[in-house]
Amino acid sequence: VTARGGRRRASGKAEREFVGEADEILERMRGHLADLAERSSDGGEVPPELVNGLFRAAHSLKGLAGLFGFEPIFALAHRLEDLLDALRLGRSALDAEALDRIERAVGLFAELLSRVGDAAALAALEAPVAALAAELARHGPARGGAEAPAPGAAPRGHEAAAQRGEAERGACLPATRRQAAREAAAPGPVPGAPPPPARPDPLAELGLDRSLLAALTEYEEHRLRESLARDRNVLLAEATFEILSFEEGLAELTQGLAGMGEVLSTLPAPGECAESQIRFSLLVASERSAEEIAAALELPGVSIRRVGGGARGGGPSPEARGVESLQSPSETVRVDIRKLDELMNLVGELVIQREALAAFTARLAAEPATARSASELGRIQKDLERRVRELQEAVLEVRMVPLRQVFERVARVVRRLRSELGKEVRLEILGADTELDKLIAEELADPLMHIVRNALDHAIESPDERRAGGKPAEGLVRIEASQRGNHVVIAVSDDGRGIDRAALRARAESLGLVRPDEALGERETLDLVFAPGLSTRSEVSGTSGRGVGMDVVRTNVTLLGGIVAVDSVPNRGTAVTLTLPITLAILQVILVEAGGRRFAVPLAAVQETLLVDPCEIQRSEGREILDLRGAALPLRRLAAELGLAPAPPGAKLFAVVLRMGDARLGLLVDRLEGQQDAVIKPIEGPIPAVRAIAGAAELGGPQPVLVLDASGLLAEAHGRREAA
Amino acid sequence: MSAARPAAPRAWVDLARHAARPEARDQGLVHAQRLLVFELDGAPYALPIERVREIVRRRPITPVPRLPAEVLGVISLRGRVIEVIDLRRRLGLGARDPAPRSRIVVAHDGEGRVVGLLVDSVEAVVPAGEVAPGGGPAVAVEGLSRVGGRFVSIVDLDRVMDFDAAG
């Protein structure tokens, strides 16, 4: 099935570049969209910069797709841009339908991107793209009907260019050009748009020069009216900068103003100034007064005056929000994840060299003749070790991404599902800042989505059913992430009906997975949900009945080196817990020996190691167990598990206690050899996937050492009903 | 130049000899232009040269449990961990202890999967002669090529690597 890291990737360099950049835009769109959905469901005012941000992103995506010639994305982005343009101009209302269409468009973009480079797969999406594009077009503003630009539409293109220019860069275009564009492109009345003001135009009452008003783009004008309607102070800030360095000064001013209000427009200002200087007027809407803002800005050469609005008077803004400044606010560099893999590999090689040096130093120290040089060398080696560790940590950190990105995708699906399913569900997300290796986070999205879908689809009852059962009509699904040592734990819990154990068992019996007379413990019964082909509700639903079940979730999570556990209380709810390693790259391992061979066990999965006297081992149901502080610890002899020669009877043994989540297993080995850092490499060859072996590591010796797959061993010992 | 010039490597001699023959330039059925010839159990076998990534000396192999007996285990090769197959056993020729001339031929199939093949010795790179279909159904040999007056068995790498069907 899915091999680790076996996702198809766009092949050509141009395609990779396109996908990388487009992915980034999509991520931005998802962020805006999530905020937007949050705000609009609260019923509050929708922050204009969110819609504008989405608009800008759609515009960038369209440009990018056009540049690289990806027609379906271009076409869809074009339609989306039109829709968003109408929204940001207030020509059409941001309702649930519009939100849904935007969400679906973003989903389709992601789908299209994942198929770049695969012509057949892309062709399969032609119909959905066309359908959604048509839907978006219907939603968009009625602008002379047809899509084909009418002869009179050229000025509108002009205006759009001006708007977008402003939206993209905040660049100032000559006022005359804007004016010409404005005059030629007066929008007609649009259904759903606010009716034209009955009283005299409020803009005329502003103490503003007519030429300045005429230079506003449609969007800027819309925002200005909106601000007046909300009784905000409209202020005009004027500043003079040296032409050579105006960008810096203007950026500083814009940023400062944006912190206290909304910068509606930035325009080159008329007025006297030296030839080497340039004047700007910034139109600002704010809850604060001109005096307050001037005092807070502390910028010389900037004058600020109120030109209108503000019936409610001043007072500090309750929510000072930033608007995009001229300069990129983040000082980040986008890096191909494969380059990070390469870097990681190099660090890995360095780690191996360090281990080799340490081994050599130890050998020298054992010889009396070289012991003195060895202690010197040891000191240098210790220094090197510290630096290598720092480097290693720094590189690992670069790969980490917050889970927020994944959770936001899940949240979108929840919003869509709850309306589809007619259920009232609140989604609570905790610990979204928890960080995880980018690759693991990516691979985590599907299993997580499936678990959440299950909760909405099967676990949460209908509002009526819930009320009848004495629960609040609104169900709760909570996703909570936290870091525990080298693992990230993600728990998805709901307050739904819980798993019906009897029904689960009956179904397992009918599938022949359990004999009718077989006694199963509580946990074993619940673990049946991970058996292939099992679902307690027999009807196939459009939401989670897609032929994949919790068995696929378990398989995928195990491939990532994690484990999944389920817990459920009837009528109270279900919790599915994923435990994942933070990174797959460099791990600390414990070296063990069994059957005359060395193996490495990832330290993250090791709870403790024990010296075991063979006579302490007890038996239960044909399996060996050990009394570990009063609890029964299941045991497996590693040599026997791997078909190797057993240790002589009676010899002392060691138990490596593996633990992930609640699952525990004592792995009996012949010897323990200490800890090391290891870079785990996948095994390449005709038979790459060997159960219980996660890969191999180079540990400074001439031959690789096999690394045991702790999650695989735990699953083998516990989930005996898994697909073989 | 003097007569003390060292002898050309065998591969070059073979190449020159073949290039001189008219039929070497007109190879109808041939899959590969050049073959890497190696020895297994006293007989010549070959792989198309574009399947061969490199040839390395025998090095310590880590056995991997739960794999078929023909898979000797894994080796490290510049940061990669690669499975090594005993090609003698894979072709049903019977195992033998490795000798000093044993080599591991690192090859890759059309899909980019990599494998190490343990062979008794590596002989030469030669232009392929005409290939006649041959080899039994149980043996992963896709044909015979006449090279330098003898038949060389061309190993079918895809079948060697396909453990689902063969075993």
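Remember, predicted model here, so these are calculated numbers, not experimental data. By convention in this document, chain letters (A, B, ...) are assigned in the order of the sequence lines, proteins followed by strands, and residues within each chain are numbered from 1. All values below come from the heavy atoms of this structure, side chains included, with hydrogens, waters and symmetry mates left out.
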Exercise for review: Select one option (side chain, backbone, both, neither) describing which atoms of B/Leu67 are under 4.5 Å from chain A's heavy atoms.
Suggested key: side chain
Check your understanding: Does B/Ile85 reach the side chain of A/Pro686, with side-chain heavy atoms less than 4.5 Å apart?
Key -> yes
Check your understanding: Mind checking whether A/Leu706 and B/Val74 have side chains closer than 4.5 Å, heavy atoms only?
Key ->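 A/Leu706 vs B/Val74: side chains touch.
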Review point. Counting a contact as any heavy-atom pair under 4.5 Å apart, which residues of residues 56-64 of chain B contact chain A?
Key: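 Within residues 56-64 of chain B, near chain A: B/Pro60, B/Ile61, B/Thr62, B/Pro63, B/Val64.
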Check your understanding: Counting distance only, does the side-chain N/O of B/Glu83 pair as donor-acceptor with the main-chain N or O of A/Ile687 below 3.5 Å?
Key -> yes
**Study point:** B/Arg113 with A/Glu684: basic N within carboxylate O range, under 4.0 Å
**Key:**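 Judged by the 4.0 Å cut-off on N to carboxylate O distance, B/Arg113 and A/Glu684 do not form a salt bridge.
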Review point. Considering only heavy atoms, which portion of A/Ala692 lies under 4.5 Å from any heavy atom of chain B: side chain, backbone, both, or neither?
Key: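 The answer is both parts of A/Ala692.
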Check your understanding: Does a sphere of radius 6.0 Å around CZ in B/Arg66 hold more than 12 heavy atoms from other residues, nucleotides or ligands, not counting ones at 6.0 Å or beyond?
Key -> yes
Exercise for review: Please report the shortest heavy-atom distance between B/Pro65 and A/Ile693, naming the atom on each side.
Suggested key: CD-CD1, 4.4 Å
